[in-house]
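What follows is a set of notes on a single structure, which appears directly below.
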Amino acid sequence: MKTITAHSQHRLTSYQTKVVASTTAGFGLENMDVMFLSFTLSSIIADLHLSGTQAGLIATITNIGMLLGGVFFGVLADRIGRIKTFTYTIFIFAFATAAMSFAHTLPMIYLCRFLAGIGAGGEYGIGMTVLAESFPKKQLGRVSSFVGVAGQLGAIAAALLAAWVLPQFGWHALFLFGLLPVIITFFIRHHLVESTTFTSESDQPKGQISALFKTRELAYQTVALMIMAIVQIAGYFGLMNWLPTIMQQQMHLSVAGSSTWMLATIAGMSAGMLTFGWILDRIGPRFAFVLFLIASAAGVYILTFPNSMGALLFVGAIVGYFSNGMFAGYGAIVSRLYPSEVRATANNVIMNVGRCIGGFSSVIIGWLLDHYSVMTVMLFISTLYIISLIIMLTINNLKADRYFNHQ
């Protein structure tokens, strides 16, 4: 089996460039596939005459698939190899997404979304692990941020494709573009190889979920990171799913106006990821998370004050910058805090628990809007960020001296 070692120079080697290209393209196209559901849901509801509960279950089943797929493929990647498992996950979510083009009944849609979730849930942590084992630790934050930005570009690609395809060809046709990620698998199989970090002999068993909880301190660290991931995903869903609707009602914006706000927010998110990764590598995770979590808590509350479109776009970009700038940092810190034997498992379990539970924030926010005010929603999201801040400060291995010296 061919292997590759992590390089230490600042300039990307040819192999590192291929790793970045593969993982960013994989995550960007995966997020594009996932976002197709957001843009087609109203059409699916109208076409199949679904109730709100039936429609809501589509996203819920996808999240459950992500959790199960994340656990299974994370363990598999730690046991048999990152590269081949990475391609398996891409194949599954690509073909399951494309199969939606032939789904004409609700049970078939549930099955397709469950399988797509299994593939998508497995892909994230494995891609992050491949990155971590191809670069020196001091560059993980910046390199991981590229993956996060790719996810935002995938969301934009989904929006553009939806605007072109849906009016002319309908929602079934849009999902055929889910096959695009398959192209990446051929590149990955021919150009990426297992790292020496993975192939080196070790006395420790590989891919053991119990290893994430084998000591009291490690168990606390794992659960604490899960809580932080839950808040991260909850905040993201709150911003992307509900705030455009809230802005339309509060500012009397048109759909086009709210779309412009969304683009400004996504631009802010991408810039925030790049900045967060740089701070993480230079100063450490505590400082980076303290800065971004406090700013996120304050920024969401400030969103209720703008009274013009210009001010709203500016605040939206700032809130996006801080609230989702932290996202890619999770792959970097988890890859650094957990050994190679369970690195992919840790990445997938922690982040997909966050996805599965944090995704329910949309339901909670909807209930709060029905019974309380917009201000209550903002206070709810702000409180989540403060809880994440408090939890983060209790994780000993995120102290700069322990983080930078962690083996």
Side-chain angles (χ1 to χ4, degrees), residues 1 6 63-86 88-89 92 114 117-133 137 140 144 194-234 285 329-360 387-388 391-399 402-403 405-407:
M1 184 191 308
N63 287 337
I64 293 172
M66 284 183 173
L67 178 57
L68 296 178
V71 173
F72 176 77
F73 284 113
V75 170
L76 195 66
D78 282 330
R79 293 185 180 180
I80 71 169
R82 285 77 158 97
I83 305 305
K84 63 175 68 174
T85 309
F86 192 37
Y88 296 158
T89 63
I92 290 172
F114 178 72
I118 285 177
E123 190 267 349
Y124 169 82
I126 302 172
M128 283 295 186
T129 300
V130 172
L131 276 177
E133 294 177 350
K137 291 181 177 180
L140 287 188
S144 296
E194 298 294 349
S195 68
T196 54
T197 303
F198 171 76
T199 58
S200 60
E201 294 296 326
S202 172
D203 295 331
Q204 300 297 320
K206 295 184 176 182
Q208 298 288 323
I209 296 176
S210 59
L212 307 182
F213 306 91
K214 66 180 180 181
T215 66
R216 180 175 296 181
E217 182 180 19
L218 191 56
Y220 181 82
Q221 173 181 286
T222 299
V223 173
L225 288 171
M226 286 178 179
I227 294 172
M228 291 181 66
I230 289 169
V231 172
Q232 180 66 41
I233 300 301
Y330 288 92
I333 62 175
V334 171
S335 295
R336 190 153 187 163
L337 297 183
Y338 292 84
S340 173
E341 295 82 14
V342 291
R343 186 167 291 144
T345 302
N347 264 306
N348 269 351
V349 169
I350 290 169
M351 188 50 68
N352 283 297
V353 166
R355 277 174 162 175
C356 189
I357 299 176
F360 284 100
I387 291 172
S388 182
I391 292 292
M392 185 275 298
L393 291 173
T394 66
I395 303 176
N396 289 328
N397 282 331
L398 291 186
K399 295 177 181 177
R402 297 187 66 166
Y403 178 77
N405 294 315
H406 201 278
Q407 298 299 317

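Note that the numbering runs from 1 along the sequence shown for the chain.
- The heavy-atom pair separating Ile395 from Leu225 by the smallest distance is CD1-CD2, 4.0 Å.
- Across all their heavy atoms, Leu140 and Ala132 have their closest contact at CD2-CA, 3.4 Å.
- Atom-to-atom distance recorded for Leu76:CG and Lys206:NZ is 12.5 Å, nearest 0.5 angstrom.
- Among residues at least two apart or in separate chains, side chain to side chain donor-acceptor pair (under 3.5 Å) pairs with a member in residues 68-80 are Asp78-Arg82, Asp78-Thr345.
- Counting heavy atoms from C-beta outward, Phe213 and Val223 have side chains that approach closer than 4.5 Å.
- The distance from the CD1 atom of Ile350 to the CD1 atom of Ile230 is 11.0 Å, given to the nearest 0.5 Å.
- Proximity of Arg343 to Glu133: side-chain heavy atoms (C-beta onward) are separated by under 4.5 Å at one or more points.
- Separation of atoms CZ (Phe73) and CD1 (Ile118) is listed at 7.0 Å; rounding is to 0.5 Å.
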Is there a side chain to side chain contact (heavy atoms under 4.5 Å, CB included) between Asn397 and Gln221 once you walk through the steps? CA-CA 8 Å; Asn397 282 331; Gln221 173 181 286; 2.8 Å; yes
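- For the pair Tyr88 and Lys84, the minimum side-chain heavy-atom distance is below 4.5 Å.
- With values rounded to the nearest 0.5 angstrom, Phe360 atom CZ is found 13.5 Å from Ile233 atom CD1.
- Remark: Tyr330 pairs with Phe289 by the ring-ring contact (aromatic ring centres under 6.0 Å, His included) rule, at least two apart or across chains.
- Put simply, the side chain of Val71 reaches to within 4.5 Å of the side chain of Ile209, judged on heavy atoms.
- The two residues Ala344 and Gly74 come nearest to each other via the heavy atoms CB-O, 3.7 Å.
- Taking every heavy atom of both residues into account, Thr129 and Asn347 meet most closely at OG1-ND2, 3.4 Å.
- Taking 4.5 Å as the limit, some side-chain heavy atom of Phe114 sits within range of a side-chain heavy atom of Leu68.
- In this structure, CD1 on Ile83 lies 8.0 Å from OG on Ser195, to the nearest 0.5 angstrom.
- Nearest heavy atoms, Arg355 versus Ala120: NH1-O, 3.6 Å.
- Expressed to the nearest 0.5 Å, how far CE of Met128 lies from OG of Ser144 amounts to 4.5 Å.
- Panel note: side chain Thr394, backbone Ile391; a donor-acceptor pair is recorded below 3.5 Å.
- Using a 4.0 Å cut-off between charged side-chain N and carboxylate O, Glu217 and Arg402 make a salt bridge.
- Taking 4.5 Å as the limit, some side-chain heavy atom of Leu218 sits within range of a side-chain heavy atom of Tyr338.
- Side chains of Leu398 and Leu337 form a contact here, defined as non-hydrogen atoms less than 4.5 Å apart.
- Heavy atoms only, all atoms of each residue included: Leu212 and Ala346 are closest at CD2-CB, 3.7 Å.
- Counting only heavy atoms from C-beta outward, the side chains of Gln232 and Ser388 never approach each other to under 4.5 Å.
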